[in-house]
Amino acid sequence: MLAIEIRRPGDPDVLTLVERPDPEPGRNEVLIAVEAAGVNRPDLMQRRGHYPPPPGASDLPGLEVAGKIVACGAGVADWRPGDSVCALLAGGGYASRAVAPVSQCLPIPRGLDMVSAAAIPETFFTVWTNLFDRARLKPGETVLIHGGTSGIGTTAIQLAAARGSRVFATAGEDERCSACERLGADRGINYRREDFVDVVMDLTDGRGVDVILDMVGGPYVARNLAALAVEGRLSQIALMGGDAAPIDFRRLLTRRLTITGSTLRPRTPAEKGVIAVALRQEVWPLLESGRVKPVIYKTFPLAQANEAHRLLESGGHIGKIMLVV
Ligand SMILES: NC(=O)c1ccc[n+]([C@@H]2O[C@H](COP(=O)([O-])OP(=O)(O)OC[C@H]3O[C@@H](n4cnc5c(N)ncnc54)[C@H](OP(=O)(O)O)[C@@H]3O)[C@@H](O)[C@H]2O)c1
């Protein structure tokens with residue numbers, strides 16, 4: 001197979017196209033002929049040497065793919081060679097062949113092409129487990145989503161709006177705030193020239209929001225707590241702004257707040273399978289009706305993975321950056 005290796009930790013040019021033997025599917029795994037793969041921010045961290053693959057996972061980057069099954073390991077009953085799938089991976093997606101546990105495979109939603117299908121797993125699994133499982137966002141509640149135009153943000157805005165929430169989202173430019181509004185946010189907040197706490201308080205008549213999905217952390221933690229309503233929940237999925245922050249625990253007590261956080265990649269196939277079942281039931285109908293759509297910003301051939309990383313690193317994108325095999 002063709003694959004993109006990380007030659008050594010470093011800048012995008014350490015990504016190198018190589019030939020390798022095809023991986024073999026183990027028990028309850030399938031081998032996929034990859035047609036498209038998603039590029040995600042955790043891949044940049046892995047390339048720089050800060051996010052090693054969990055034990056047993058491929059050393060190649062790539063957390064999601066779509067393609068056709070070419071071989072099934074022992075114990076696989078529900079899938080056959082020739083079936084089209086999209087799959088969440090613990091690694092190995094930047095390649096023309098990838099192995100996935102069956103519990104992490106889902107059918108391509110009707111009406112979607114392979115590139116759109118490959119853009120689903122990493123962000124939809126992450127948003128589902130953090131926004132709806134852990135932070136328990138319910139219809140009728142209000143939610144603030146930071147990084148509204150990121151792969152995660154574009155997914156979270158659409159899902160929360162489609163499931164009946166009032167959504168606010170932050171982004172770093174007016175044009176990207178408008179993009180958040182086109183995706184279903186009531187109001188995009190330009191965090192470079194507006195204070196999101198003031199805006200949220202203003203828009204909720206001083207009540208605050210029920211849930212916040214945050215990838216910034218650091219200086220945002222105290223401000224997030226200030227923007228939450230009584231019984232509010234903060235769901236932390238990344239710490240781009242720093243991993244330590246002072247917390248006013250009085251606020252936590254008096255307003256009965258919950259802080260939670262999680263990472264997806266190290267969870268077991270069985271744990272990821274539980275999320276897959278929920279997505280199939282709750283989200284696949286939204287994808288198949290066109291109510292929710294993966295937002296694709298740009299595609300690159302697999303061999304240009306370094307260019308894809310450069311673009312993601314430079315920011316300014318709206319939605320997902322994809323590799324086509
Ligand atoms: N916990 C998990 O399981 C998990 C899984 C997947 C991803 N993640 C994390 O989720 C984040 C998003 O991933 P992605 O692949 O969707 O990345 P991405 O598309 O590169 O998005 C990064 C986003 O961060 C925004 N941002 C940076 N500083 C900000 C600030 N001060 N306020 C508001 N937004 C800010 C950027 O918005 P502007 O360009 O508008 O500044 C950009 O939209 C990453 O940090 C990633 O590591 C976590």
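Just follow the structure's listing: the first ligand is 1, and inside any ligand the first atom is 1. Note: hydrogens, waters and symmetry copies are ignored here, and every other heavy atom, side chains too, is used.
For atom 28 (N) of ligand 1, the closest non-hydrogen atom of the protein is Tyr191 OH, 3.8 Å. Atom 15 (O) of ligand 1 has its closest protein heavy atom at Arg41 N, 3.0 Å.
At a heavy-atom cutoff of 4.0 Å, ligand 1 is contacted by no atom of Glu173, backbone or side chain. Counting heavy atoms closer than 4.0 Å to ligand 1, residue Ser150 contributes atoms from both its backbone and its side chain. At a heavy-atom distance under 4.0 Å, only side-chain atoms of Val216, from C-beta outward, approach ligand 1. Within the 4.0 Å heavy-atom criterion, the part of Glu122 lying near ligand 1 is the side chain and not the backbone. The backbone and the side chain of Ile237 each have at least one atom closer than 4.0 Å to an atom of ligand 1 (non-hydrogen atoms only).
Heavy-atom contacts of Ala171 reach the following atoms of ligand 1: 40 (O) (cutoff under 4.0 Å). Interface of Ser262 with ligand 1, defined as ligand atoms under 4.0 Å from a residue heavy atom, comprises 1 (N), 2 (C), 3 (O). In the vicinity of Ile152, heavy-atom distances shorter than 4.0 Å reach the ligand 1 atoms 6 (C), 7 (C), 10 (O), 12 (C), 13 (O), 16 (O). Near Gly151, with a cut-off below 4.0 Å to any heavy atom, the atoms of ligand 1 are 16 (O), 19 (O).
For the pair Arg265 and Tyr51, the cation sits on the ring face: its NZ or CZ lies under 6.0 Å from the ring centre, inside 45° of the axis.
Listed for the Thr129 side chain is no donor-acceptor partner under 3.5 Å among the backbone atoms of Thr126.
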